[in-house]
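Here is the structure we will look at, set down as structure tokens.
Since the model is a prediction, treat every value here as computed from it, not as a measurement.
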Amino acid sequence: MQSQQLPSILAISSHVIRGSVGLRAAAFAMETLGHDVWSIPTVILPWHPGQGKSTRSVEGEATFASMIDDMIASHYLDEIDGILTGYMGAAYQVQHVQRLIEAIKLKRPDVKYLCDPVIGDDASLYVDEAIAQNIKNQFLPLADVITPNRFELAWLSGESNMGAFQDNQEIIEAARGLSSTKVLVTSAYAMMRGNIGNLMVDGTTALLAEHRQIPHVPNGLGDLKSALFLARILQGQSDSKALEQSTATVFEISHRSAKVIADELQLQQNRDSLLRPMAQIMMRNCV
């Protein structure tokens, strides 16, 4: 008997030649879970810039816009069930990706769009402010789920103090002020010392998934987390189950990658963690 076709996902983010960040991490995770993944690179780099000199290659606006036009005009567009956006390489990319998202939603009103606003960390932006502003103004109103870290949530919320959010209640208030129906905040405050949490907030609930904090893990955890959460939702899991399983997978892979002192997330070596995570995650209701 033929297996059921899982939802197809359009992923738009950065691409590295070597490593497990951006599109490489997201696409591998979602394909391992059985999804067909369409990939649009917003920037191509040899590797994550934190690993040394990494020359950026960003397509010119005319070519990028033409590619988006081709997709919008294609009869394949109604194959897409989910959309994931991450790192944007230029401000003009946001407006053209917005056109594509709107065209998909016109054909498929039930499509799920997850926006990972990859704009900064550690109290500062690491993209041009024009990119961050465009993501805030053009992507957030379309998104069904947003997955910011604490700094990104503060910036998107217009919080002048980037060291804001002294506790999860302040995070919940800021998350509910955004336009998305669901906000999944990474790097939220855990209840137990030495732990870190992922806090999922909507209009009525706030659910915290926490696990032991692991030092010196490779980059790419945010990309992986967002991809897994979207894939699990598209497979029909409840929000709480998708949060629990995606958090468990990220914990297992980050722990194993750090244990062998890897400079990249060890995704291929830990495919079982993508498919069937076994880690026990503490789930807490914060409302």
Keeping Glu252 on the side-chain end and Met278 on the backbone end, is there a donor-acceptor pair under 3.5 Å? yes
From the list Asp167, Leu208, Val201, side-chain contact (heavy atoms from CB on, under 4.5 Å) partner of Ile172 resolves to Val201
Look at the side chain of Asn270 and the backbone N and O of Ile253, then say whether any donor-acceptor pair between them is shorter than 3.5 Å. no
Side chains of Lys53 and Thr55: any donor to acceptor distance under 3.5 Å? yes
Does some side-chain heavy atom of Val145 sit less than 4.5 Å from a side-chain heavy atom of Leu230? no
Residue pair His255 / Arg212, side-chain heavy-atom distance below 4.5 Å: yes
Leu243 and Lys225: CA distance, side-chain angles, deciding distance, side-chain contact (heavy atoms from CB on, under 4.5 Å) verdict: CA-CA 9 Å; Leu243 175 64; Lys225 175 70 181 181; 3.8 Å; yes
Between Val127 and Val118, does a side-chain contact (heavy atoms from CB on, under 4.5 Å) hold up when you go through it step by step? CA-CA 8 Å; Val127 300; Val118 186; over 6 Å; no
Presence of salt bridge, Arg232 and Asp239, under 4.0 angstrom: no
I'd like to know if Asp81 and Lys112 make a salt bridge, using a cut-off of under 4.0 Å between side-chain N and carboxylate O. no
Could you go through Arg256 and Asp272, starting from their C-alpha distance and side-chain angles, then the distance that decides it, and tell me whether this counts as salt bridge (charged side-chain N to carboxylate O under 4.0 Å, His left out)? CA-CA 12 Å; Arg256 292 170 182 171; Asp272 284 349; over 6 Å; no
Return the minimal non-hydrogen interatomic distance between Ala206 and Asn285, and the atom names on each side. O-OD1, 3.4 Å
How far does SG of Cys115 sit from CD1 of Ile83, to the nearest 0.5 angstrom? 11.0 Å
Are Val43 and His15 side-chain neighbours, meaning at least one heavy-atom pair lies under 4.5 Å? no
same_hphob_cluster(Val58, Ile44) at 4.5 Å side-chain heavy-atom cutoff: no
For a quick check under 3.5 Å, do Glu264 and His48 share a side-chain donor-acceptor pair by atom type? no
When hydrophobic residues are tied together by side-chain contacts of less than 4.5 Å, even through go-betweens, does Leu100 share a cluster with Leu84? no
A quick test of your reading: do over 12 heavy atoms of other residues, nucleotides or ligands sit less than 6.0 Å from CH2 of Trp47? no
For Met30 versus Ala11, what's the shortest heavy-atom pair and its separation? CE-CB, 4.0 Å
Would you call Asp263-Arg18 a salt bridge at under 4.0 Å N-O? yes
What heavy-atom pair brings Asp122 and Phe151 nearest, and what distance separates the two atoms? N-CB, 4.4 Å
Are Glu129 and Leu125 packed together at the side-chain level, in the sense that at least one heavy-atom pair is separated by less than 4.5 angstrom? yes
Find the distance between CD1 (Ile40) and OG (Ser13) and round it off to the nearest 0.5 Å. 11.0 Å
Same apolar cluster (I L V M F W Y, side chains within < 4.5 Å links), Tyr87/Ile131: yes
Given 3.5 Å as the limit, does a donor-acceptor pair link the side chain of Glu31 with the main chain of Asp36, or not? no
Does any non-hydrogen side-chain atom of Met88 lie less than 4.5 Å from one of Ile12? yes
Is any side-chain heavy atom of Gln235 closer than 4.5 Å to a side-chain heavy atom of Leu33? yes
In short, Pro49 meets Ser54 closest at the heavy-atom pair CA-CB, 4.0 Å
Hey, quick one: are Ile146 and Leu114 part of the same hydrophobic cluster, counting side-chain heavy atoms closer than 4.5 Å, chains of contacts allowed? no
Please work out whether the ring planes of Phe251 and His211 are parallel, tilted or perpendicular, with thresholds of 30° and 60°. tilted
Are the side chain of Glu210 and the backbone N or O of Met191 linked by a donor-acceptor pair below 3.5 Å? yes
Salt-bridge contact Arg176-Asp202 (side-chain N to carboxylate O under 4.0 Å): no
Answer with yes or no whether the hydrophobic clustering places Val111 together with Val97; edges join I, L, V, M, F, W, Y residues whose side-chain heavy atoms lie under 4.5 Å apart. yes
Looking at Ile135, Leu10, Ile101, which one forms a side-chain contact (heavy atoms from CB on, under 4.5 Å) with Thr85? Ile101
Hey, does the side chain of Asn168 reach the backbone of Tyr189 with a donor-acceptor pair shorter than 3.5 angstrom? yes
Hydrogens and angles aside, do Glu102 and Gln98 bring a side-chain donor and acceptor to less than 3.5 Å of each other? yes
With rounding to the nearest 0.5 angstrom, report the CG to CG distance, Asp78 to Leu106. 11.5 Å
Is there a donor-acceptor contact under 3.5 Å linking the side chains of Gln95 and Gln138? no
Indicate yes or no for a side-chain donor-acceptor contact from Ser254 to the backbone of Val250 under 3.5 Å, with no hydrogens or angles considered. yes
Using modelled atom types and a 3.5 Å cut-off, is there a donor and acceptor pairing between side-chain atoms of Asn149 and backbone atoms of Pro117? no
Keeping Glu170 on the side-chain end and Phe165 on the backbone end, is there a donor-acceptor pair under 3.5 Å? yes
Check the side chains of Asn195 and Gln213 for a donor-acceptor pair under 3.5 angstrom, ignoring hydrogens and angles. no
Nearest-0.5 Å distance that lies between atom CD1 in Ile119 and atom CD in Gln133: 9.0 Å
Any ion pair linking Asp110 and Arg108 (charged N to carboxylate O, less than 4.0 Å)? yes
Heavy-atom side-chain proximity of Ser157 to Leu178 below 4.5 angstrom: yes
Does a side-chain heavy-atom distance below 4.5 Å link Leu199 with Leu207? no
Shortest non-hydrogen contact from Met283 toward Ala209: SD-CB, 3.5 Å
For Glu59 and Gln93, which I'm curious about, is there any donor-acceptor pair between the side chains at under 3.5 Å? no
Closest approach of Ala175 and Val183, non-hydrogen atoms and distance? O-CG2, 3.6 Å
Could you tell me if Ser226 and Thr147 have a donor-acceptor pair between their side chains, going purely by distance under 3.5 Å? yes
Between Asn198 and Thr247, is there a side-chain donor-acceptor contact under 3.5 Å, judged purely by atom types and distance? yes
Intermediate values then yes/no, side-chain contact (heavy atoms from CB on, under 4.5 Å), Ile72 and Ile104: CA-CA 8 Å; Ile72 291 174; Ile104 295 169; over 6 Å; no
Separation between CH2 (Trp38) and CD (Glu79), nearest 0.5 Å, reads 5.0 Å
Okay, side chain of Thr249, backbone of Ser273: is any donor-acceptor separation there less than 3.5 Å? yes
Rounded to the nearest 0.5 Å, what separation is found between the CD1 atom of Ile80 and the OG atom of Ser8? 8.0 Å
Please answer whether the main-chain N or O of Asp116 pairs with a side-chain N or O of Glu152 as donor and acceptor at a distance below 3.5 Å. no
Do Arg271 and Leu267 pass the side-chain contact (heavy atoms from CB on, under 4.5 Å) test, and can you show the C-alpha distance, the side-chain angles, and the key distance before you say yes or no? CA-CA 6 Å; Arg271 291 172 62 94; Leu267 299 184; over 6 Å; no
